2 protein chains.
Amino acid sequence: MEIEKVRLLLMQIIKVQNSFKAKVQSKLNTMKLDLTFEMLQVMVKLWQEDGINQQELSRRLLKDKSSLSYVLNNLEKRNLISRKEDKSDKRNKILLVTDSGLELKSIFYPAIREIYKELSIDLNESDIDNMYAELIKLDDIINKLK
Amino acid sequence: MEIEKVRLLLMQIIKVQNSFKAKVQSKLNTMKLDLTFEMLQVMVKLWQEDGINQQELSRRLLKDKSSLSYVLNNLEKRNLISRKEDKSDKRNKILLVTDSGLELKSIFYPAIREIYKELSIDLNESDIDNMYAELIKLDDIINKLK
DNA sequence: GGATAATAGTTGAATATTCAACTATTATCC
DNA sequence: GGATAATAGTTGAATATTCAACTATTATCC
């Protein structure tokens with residue numbers, strides 16, 4: 001009855017994902033950051049790679065360009081990022097982290113680090129490694145389905 | 001560097017979840033079902049437990065009641081379900097699958113079964129078991145975080 | 001039995017996602 | 001060099017989610 005096991009596995013992945021996102025969001029709400037999980041995903045990438053264009057960010061995050069545009073609008077509205085026209089190709093927008101956006105980094109990272117640290121206490125490193133490797137494989141298989 | 005491994009693990013879980021949902025949605029689109037992954041999640045539960053009330057369904061699906069109400073509106077609009085007042089407590093709505101809703105079952109199940117079957121070919125049963133057990137544990141840990 | 005508290009489900013606002021259509025810009029073709 | 005094709009990013013419509021506020025109903029209290 002392997003099919004049923006695969007189904008249960010996928011449903012459990014969805015469940016963990018929902019739990020994790022809800023927990024992070026709850027933490028963000030407690031900190032009164034007025035930011036969502038998705039916004040922070042974008043910020044994290046821009047902290048790592050300031051000056052990237054939207055298309056590249058969309059590719060890195062595996063996020064639809066229109067969906068990304070919407071999130072970026074909200075980040076720009078909060079003065080955490082700014083968009084700048086790429087002089088060498090006016091179709092491109094370069095994304096820059098503002099000073100406020102940089103300040104946020106030093107607030108967010110300790111909080112998210114704490115969540116990961118708490119999780120790591122009860123997780124066994126070789127289990128993490130195994131799970132990670134299997135999930136990489138699973139993602140690959142899913143993407144190869146017709 | 002366990003914290004980084006936990007982070008990568010969670011990001012991979014989110015990635016797998018996104019890939020899977022996108023693949024199922026793509027399949028639904030190919031079949032011209034005019035239904036979303038979320039709608040089908042609800043239908044699957046109602047096929048299993050016709051006559052359940054909204055609150056119980058919300059609990060079973062771990063889905064917010066207002067979000068569920070929205071999805072149910074769309075299913076009712078498509079004449080796949082109907083809502084019926086619970087005579088013993090007028091606050092409750094009983095959810096019933098229509099004939100059209102039942103017909104959908106015999107269309108959807110073969111399709112989703114095929115996806116699970118394809119996935120199971122390349123997955124090793126003991127790996128599935130291990131991953132499932134670890135994800136159950138992970139979900140528990142996440143939900144216990146303060 | 002009436003007042004108050006709790007509850008099921010609904011709805012609105014804001015967020016995010018997907019797809020389609022669009023505009024301005026660049027690349028390619030002849 | 002101009003016409004056509006391709007591209008980056010935007011926006012709208014519909015879907016879904018979250019939270020707050022609400023209404024009608026039921027439970028509890030005195």
Side-chain angles (χ1 to χ4, degrees), chain A residues 14 17-30 32-43 52-78 80-95, chain B residues 14 17-30 32-43 52-78 80-95:
Chain A
I14 291 171
Q17 188 262 162
N18 285 335
S19 297
F20 177 66
K21 285 178 72 173
K23 187 65 68 175
V24 174
Q25 189 60 60
S26 171
K27 187 95 179 187
L28 293 173
N29 294 344
T30 301
K32 312 239 188 270
L33 281 185
D34 184 35
L35 295 170
T36 64
F37 181 87
E38 287 79 18
M39 290 182 204
L40 262 304
Q41 271 189 314
V42 170
M43 288 310 300
I52 197 175
N53 68 32
Q54 274 178 238
Q55 185 179 40
E56 189 55 30
L57 184 58
S58 169
R59 193 166 15 234
R60 294 280 170 83
L61 289 169
L62 298 172
K63 188 184 277 279
D64 179 71
K65 63 179 180 175
S66 54
S67 183
L68 177 62
S69 188
Y70 182 87
V71 179
L72 290 172
N73 285 346
N74 268 304
L75 289 172
E76 202 171 19
K77 203 191 309 174
R78 290 162 169 76
L80 296 173
I81 66 157
S82 64
R83 284 157 152 131
K84 187 175 125 196
E85 177 189 272
D86 180 352
K87 288 293 194 253
S88 58
D89 185 341
K90 289 185 203 297
R91 293 175 301 181
N92 285 340
K93 292 283 179 61
I94 303 294
L95 302 169
Chain B
I14 291 171
Q17 188 262 162
N18 285 335
S19 296
F20 177 67
K21 286 178 70 172
K23 186 65 66 174
V24 173
Q25 189 59 60
S26 171
K27 187 94 177 186
L28 293 173
N29 294 344
T30 299
K32 311 240 189 259
L33 280 185
D34 184 35
L35 296 170
T36 63
F37 182 88
E38 287 80 16
M39 290 181 204
L40 262 303
Q41 272 189 313
V42 170
M43 288 309 299
I52 196 173
N53 69 33
Q54 274 179 236
Q55 185 180 42
E56 189 56 32
L57 184 58
S58 169
R59 191 166 16 234
R60 294 280 169 82
L61 288 169
L62 298 169
K63 190 185 276 283
D64 177 73
K65 62 178 182 175
S66 53
S67 183
L68 177 61
S69 188
Y70 182 89
V71 178
L72 290 172
N73 285 345
N74 268 304
L75 288 172
E76 201 171 19
K77 204 191 308 173
R78 289 161 169 77
L80 296 173
I81 66 156
S82 64
R83 283 156 152 132
K84 187 175 125 195
E85 177 189 273
D86 180 350
K87 287 296 194 249
S88 59
D89 184 342
K90 290 187 201 292
R91 293 174 301 182
N92 286 338
K93 292 283 180 65
I94 303 293
L95 302 169

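So that the names make sense, note that chain A is the first sequence line, chain B the second, and so on, each numbered from 1. Bear in mind the structure is a predicted one, so any value in this text is a computation, not a measurement.
- Atom C1' of nucleotide C:dT17 and atom CD1 of B:Ile14 are separated by 15 Å, given to the nearest angstrom.
- Whole-Å rounding puts the A:Asn18 CG to D:dT18 C1' distance at 12 Å.
- D:dT17 atom P lies 10 Å from atom CZ of B:Phe37, rounded to whole Å.
- Put simply, the side chain of B:Gln54 does not reach to within 4.5 Å of the side chain of B:Asn92, judged on heavy atoms.
- Taking atom CG on B:Leu61 and atom P on D:dT18, their separation rounds to 12 Å, with Å as the unit.
- Under 4.0 angstrom from either OP1 or OP2 of D:dT10 there lies at least one side-chain N or O belonging to A:Gln54.
- At the phosphate of C:dA16, OP1 or OP2 sits under 4.0 Å from a side-chain N or O atom of A:Asn74.
- Within the structure, every side-chain polar atom (N or O) of B:Ser66 is placed at least 4.0 Å from both OP1 and OP2 of D:dT18.
- Side chain to side chain, A:Asn73 and A:Arg83 meet the donor-acceptor criterion of an N or O pair below 3.5 Å.
- Close to C:dT15, at under 4.0 Å from its OP1 or OP2, lies a side-chain N or O of A:Arg78.
- The minimum heavy-atom distance between B:Ser58 and B:Leu68, with the atom names listed, is N-CD2, 3.6 Å.
- Between D:dT15 and B:Thr36, no contact under 4.0 Å exists linking OP1 or OP2 to a side-chain N or O.
- Following rounding to the nearest Å, A:Asp64 (CG) and C:dA16 (P) show an atom-to-atom distance of 14 Å.
- Comparing A:Gln25 and B:Leu35 by the nucleotide of DNA chain D that holds the closest heavy atom to each, the one mapping nearer the 5' end is B:Leu35.
- A:Thr36 and A:Gln25 make their closest contact through CA-OE1, 3.1 Å (heavy atoms, listed as atom of the first residue, atom of the second, distance).
- Only A:Arg91, A:Asn92, A:Lys93, listed by number, bring a heavy atom of residues 86-95 of chain A to less than 4.0 angstrom from any atom of DNA chain D.
- If B:Ala22 and B:Ser67 are placed on DNA chain C by their nearest nucleotide, the residue sitting closer to the 5' end is B:Ser67.
- The distance between atom CD of B:Glu56 and atom P of C:dT7, rounded to the nearest whole Å, is 15 Å.
- Two residues, B:Asn29 and A:Lys77, neighbour DNA chain C, and the one matched to the more 5' nucleotide by heavy-atom proximity is A:Lys77.
- Listed candidates were C:dA8, D:dT15, C:dA16. Nearest to the side chain of B:Tyr70 is D:dT15.
- If you take NZ of B:Lys65 and P of C:dA6, they are 14 Å apart, rounded to a whole angstrom.
- The main-chain N or O of A:Leu35 is never found under 3.5 Å from a side-chain atom of A:Arg78 such that the two would form a donor-acceptor pair.
- Between B:Asn73 and C:dT10, a side-chain N or O to OP1/OP2 separation shorter than 4.0 Å is absent.
- Nearest approach of A:Leu28 to A:Phe37, heavy atoms of both residues: CD1-N, 3.8 Å.
- Listed nucleotides D:dA8, C:dA16, D:dT15 differ in distance to A:Met39; the shortest reach to its side chain belongs to C:dA16.
- Minimum heavy-atom separation, A:Met43 to A:Leu80: CE-O, 3.9 Å.
- Under a 3.5 Å cut-off, the side chain of A:Ser26 and the backbone N or O of A:Ala22 do not form any donor-acceptor pair.
- When every heavy atom of B:Asn53 is checked against every heavy atom of B:Glu56, the shortest pair comes out as OD1-N, 2.8 Å.
- Where pairing requires Watson-Crick or G-U contacts shorter than 3.5 Å, the helical stems of DNA chain D with at least three consecutive pairs are C:1-30 with D:1-30.
- For the pair B:Lys21 and B:Val24, the minimum side-chain heavy-atom distance is 4.5 Å or more.
- Between the NZ atom of B:Lys21 and the P atom of C:dT18 there is a distance of 9 Å, given to the nearest Å.
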